[in-house]
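Shown next, in structure tokens, is the structure this report addresses.
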Amino acid sequence: MSVEARERRQPWILLSPALTAITLLLFIPLLFIVVYSFWLRTAVGGVEVTFSTQNWQQALTDPFYRYILFATLRIAFVTTIFCAVLGYPAAYFIARARGNRTILLLLLMLPFWISYIIRTMSWINILGVSGALNTVMLSLGIVDEPVQMLYNEATVILGLVHFLLPFMVLNVYVSVEGIDRSLEDAACSLGATRFQAFREVTLPLSLPGLAAGGLLCFVLAAGTYITPLILGGPRDAMFANLVFEAIITQLNWPMGSALSLLLLLVLGAVVAVYNHFMGMSQLSRGLA
Amino acid sequence: MDTTRRYERLRERYLNGGLERRQFLGLIGAAGLASGLHTPFARLARAQDVTQVRFDGWGGVVSEAFRQHAFDPYTEATGITVVDGTFGGADEYLANVRASQPGAFNIAHLSGVFDYARWHNLELTTELNEDNIPNMEFLIPKLVNVFREITDGTLSAVPYNYGTTGLAYNRAHISDEEMREKGARILIDDAYAGKIGGWGEWRTRIWMAALATDQDPNDIQDMEAVWDAIRQHRDLALKYWGSGAELMSLLAEEEIYVTEGWSGRIYALQEQGHDIGYYDPPNGFGWQECLFVIKGSPMEACEELLNFMLAPETSIAVAEGQNYPPALDPQKVDLGEKIPTLPAFDPSGTLDGLTFAQPAYWNGNEQEWSETFSRVQRGF
């Protein structure tokens with residue numbers, strides 16, 4: 001075998017464990033889901049092996065699914081905006097901090113050491129009728145009786161922001177940290193104020209990081225089902241909750257497959273739009 | 001068909017001229033070879049296989065009671081470990097079982113006869129050898145017979161306990177008199193808007209809505225009225241709870257004042273000192289729980305565990321721990337002091353005062369109602 005041929009093969013040999021894992025754990029299960037989505041549920045909850053587009057027709061035309069899908073995208077969008085507004089200053093502060101940056105980054109990573117479910121449930125102890133916030137407000141005489149703060153869309157968004165904020169901060173941090181500080185100094189030396197220098201130089205240069213963080217937050221928020229389950233009221237559901245119900249409660253695996261693929265396609269389209277304008281390189285840098 | 005009978009039939013076919021001598025001897029030789037190879041290795045494999053049995057239940061105080069009073073003593077007596085897992089709901093568990101290999105899950109603490117029927121329809125039932133479970137003699141016959149009717153006289157489960165889903169209310173805000181007067185209608189009472197809870201499960205929601213609209217839950221005539229009542233409840237409710245722990249937390253923290261609740265969980269709250277009342281309205285939701293042996297399980301080990309769990313001393317200890325009356329017949333077994341004080345307990349052992357869900361009726365409507373509930377819940 002020639003040296004060129006060996007060199008051509010080498011990347012594939014090195015990639016083969018990862019490709020095998022992706023094929024076995026992602027593509028083949030996905031293929032199963034695609035096949036299932038064209039089957040039908042039997043009366044007793046089994047699967048009728050037949051080719052039918054009924055599930056897809058229902059998923060695409062039923063206003064109920066459309067309504068929940070739009071509600072999911074809206075909640076994910078609002079969550080992403082909050083993450084950006086709260087995350088950007090924090091990331092900027094960490095990137096520009098002198099000396100103690102490692103400790104700040106460590107603090108940022110700290111929530112990942114605690115289970116997402118536990119972190120979500122912690123809001124019940126904070127916002128509940130007998131939670132910390134109500135206890136403080138009652139003892140200070142700010143309110144006469146406990147305020148009902150839990151189990152609505154706002155608390156769902158709060159829980160999602162709590163969960164996703166570190167993803168945004170990390171991405172923006174990587175982006176801001178990579179900007180040459182002398183560019184801001186140069187802008188200031190040319191007469192710009194600090195704010196103008198930030199607005200005209202730093203912010204545009206950090207936008208790829210902001211977009212990457214936004215994409216991550218949006219996709220993860222749109223795919224969640226635990227947060228609305230714990231912090232939402234009776235009506236608050238996201239699309240993943242419908243997938244859960246179709247598969248677990250209704251034993252309708254074919255419909256659940258069609259719904260999960262629909263969500264995958266919608267989120268895939270969002271990623272494709274991002275890739276068209278920003279490219280995926282910033283995303284991998286933020287995750288690294 | 002056992003092996004001896006199979007050989008006899010072969011011999012009969014040979015003697016009747018249905019088989020050639022060469023074929024007959026070939027088959028006998030092959031059977032002998034298979035038996036010789038199979039027996040020693042199979043015995044070894046069997047001996048190695050059953051070192052553990054998996055049990056899945058509802059978690060919380062129920063699992064703790066099982067662990068303390070049944071599993072640990074069983075392991076001590078037999079050397080077989082009981083691995084216990086928990087599930088939040090029977091639906092979720094059924095999906096897990098269907099997605100797994102036969103034998104991965106062995107015994108489940110399932111609720112409702114309709115679940116038993118559903119599992120049977122999905123071909124997940126087994127056939128218990130009742131001779132291996134002599135403690136079944138202590139069970140309330142009615143609880144056993146409903147299972148037999150579904151599986152043509154055989155059993156894939158033994159009943160273990162029963163209880164009710166009644167109305168639980170905070171007595172600081174709702175009096176006993178008001179509760180008795182309003183019954184299930186209190187769940188759609190505007191006066192408690194934002195302080196009402198409910199289990200986010202379609203069967204219970206429909207059952208409670210049927211009661212609130214004065215209908216027989218096992219023969220609902222006006223389904224639109226039921227859906228309207230569910231919509232009303234949805235708009236007034238603060239939260240649909242999803243587990244016993246969440247139910248107890250919502251009531252104990254006074255996030256909600258009234259909800260339907262599981263009798264044993266409410267009794268546990270009362271034991272903890274919370275002033276929570278419990279009321280079973282007429283036609284309240286009665287249910288029984290069973291220990292269901294799932295297809296593909298090591299039957300003898302499972303039957304041994306079932307027999308151990310049905311021993312009156314074990315069964316009573318578990319019942320006292322989980323606060324649900326055991327399936328033991330009070331006419332045959334002395335149930336001690338605590339059990340007669342539990343909600344839903346029937347001293348006669350006939351259970352005539354409880355209304356159970358008719359499996360055929362509820363399973364027949366399952367697909368339509370569960371899908372509609374999903375929509376109604378979200379504002380449709």
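Here is how names work: the chains are called A, B, and so on, in the same order as the sequence lines, proteins then strands, and each is numbered from 1. Side chains are part of it too, since the values below use all heavy atoms of this structure and drop only hydrogens, waters and symmetry mates.
Between chain B and the residues A:D62, A:I124, A:T42, the most heavy-atom pairs under 4.5 angstrom are made by A:D62. Chain A forms the most heavy-atom pairs under 4.5 Å with one residue out of B:R98, B:E254, B:E366, and that residue is B:R98. Your options are B:E201, B:R234, B:R118, and the one with the most heavy-atom pairs under 4.5 Å with chain A is B:R234.
For the pair B:T154/B:T151, a side-chain contact is recorded, criterion being any heavy-atom separation below 4.5 Å from C-beta on. In this structure the side chain of A:L216 never reaches within 4.5 angstrom of the side chain of A:M168, judged on heavy atoms.
A donor atom on one side chain and an acceptor atom on the other are not found under 3.5 Å apart for A:S122 and A:N125.
Looking at B:R378, the atoms closer than 4.5 Å to chain A (heavy atoms on both sides) sit in the backbone and in the side chain alike. For chain A, no part of B:E123 is nearby; none of its heavy atoms comes within less than 4.5 Å. Contacts of B:N121 with chain A are made by both backbone and side-chain atoms, with heavy-atom separations under 4.5 Å. Of the atoms belonging to A:Q250, heavy atoms from both backbone and side chain fall under 4.5 Å from chain B. Using a 4.5 Å cut-off between heavy atoms, B:L250 contacts chain A through its side chain alone, with no backbone atom that close. When heavy atoms are compared at a cutoff of 4.5 Å, B:D235 approaches chain A solely by way of its side chain, counted from C-beta outward. When heavy atoms are compared at a cutoff of 4.5 Å, B:L122 approaches chain A solely by way of its side chain, counted from C-beta outward. Proximity to chain A is absent for every atom of B:W241, based on heavy atoms less than 4.5 angstrom apart. Heavy-atom distances place the backbone of A:L229, and not its side chain, under 4.5 Å from chain B. With a 4.5 Å cut-off on non-hydrogen atoms, A:N252 touches chain B through its side chain but not through its backbone. Contacts between A:I230 and chain B at a heavy-atom distance below 4.5 Å involve the backbone alone (N, CA, C, O). Both the backbone and the side chain of B:A99 come within contact range of chain A, judged by heavy atoms closer than 4.5 Å.
The closest donor-acceptor contact from the side chain of A:T224 to the backbone of A:A221 lies at 3.5 Å or more, if one exists at all. No side-chain donor-acceptor contact under 3.5 Å links B:K239 to the backbone of A:Y151.
Centroid-to-centroid, the aromatic rings of B:Y116 and B:F292 come within less than 6.0 Å.
Separation of atoms CH2 (B:W202) and CZ (B:F373) is listed at 10.5 Å; rounding is to 0.5 Å. The CG atom of A:L160 sits 10.0 Å away from atom SG of A:C217, with the distance rounded to the nearest 0.5 Å.
Of the candidates B:T259, B:T204, B:L247, B:W199 forms a side-chain contact (heavy atoms from CB on, under 4.5 Å) with just one, namely B:T204. Considering B:I220, B:V376, B:V226 in turn, B:I220 is the only one that fulfils the side-chain contact (heavy atoms from CB on, under 4.5 Å) rule with B:W369.
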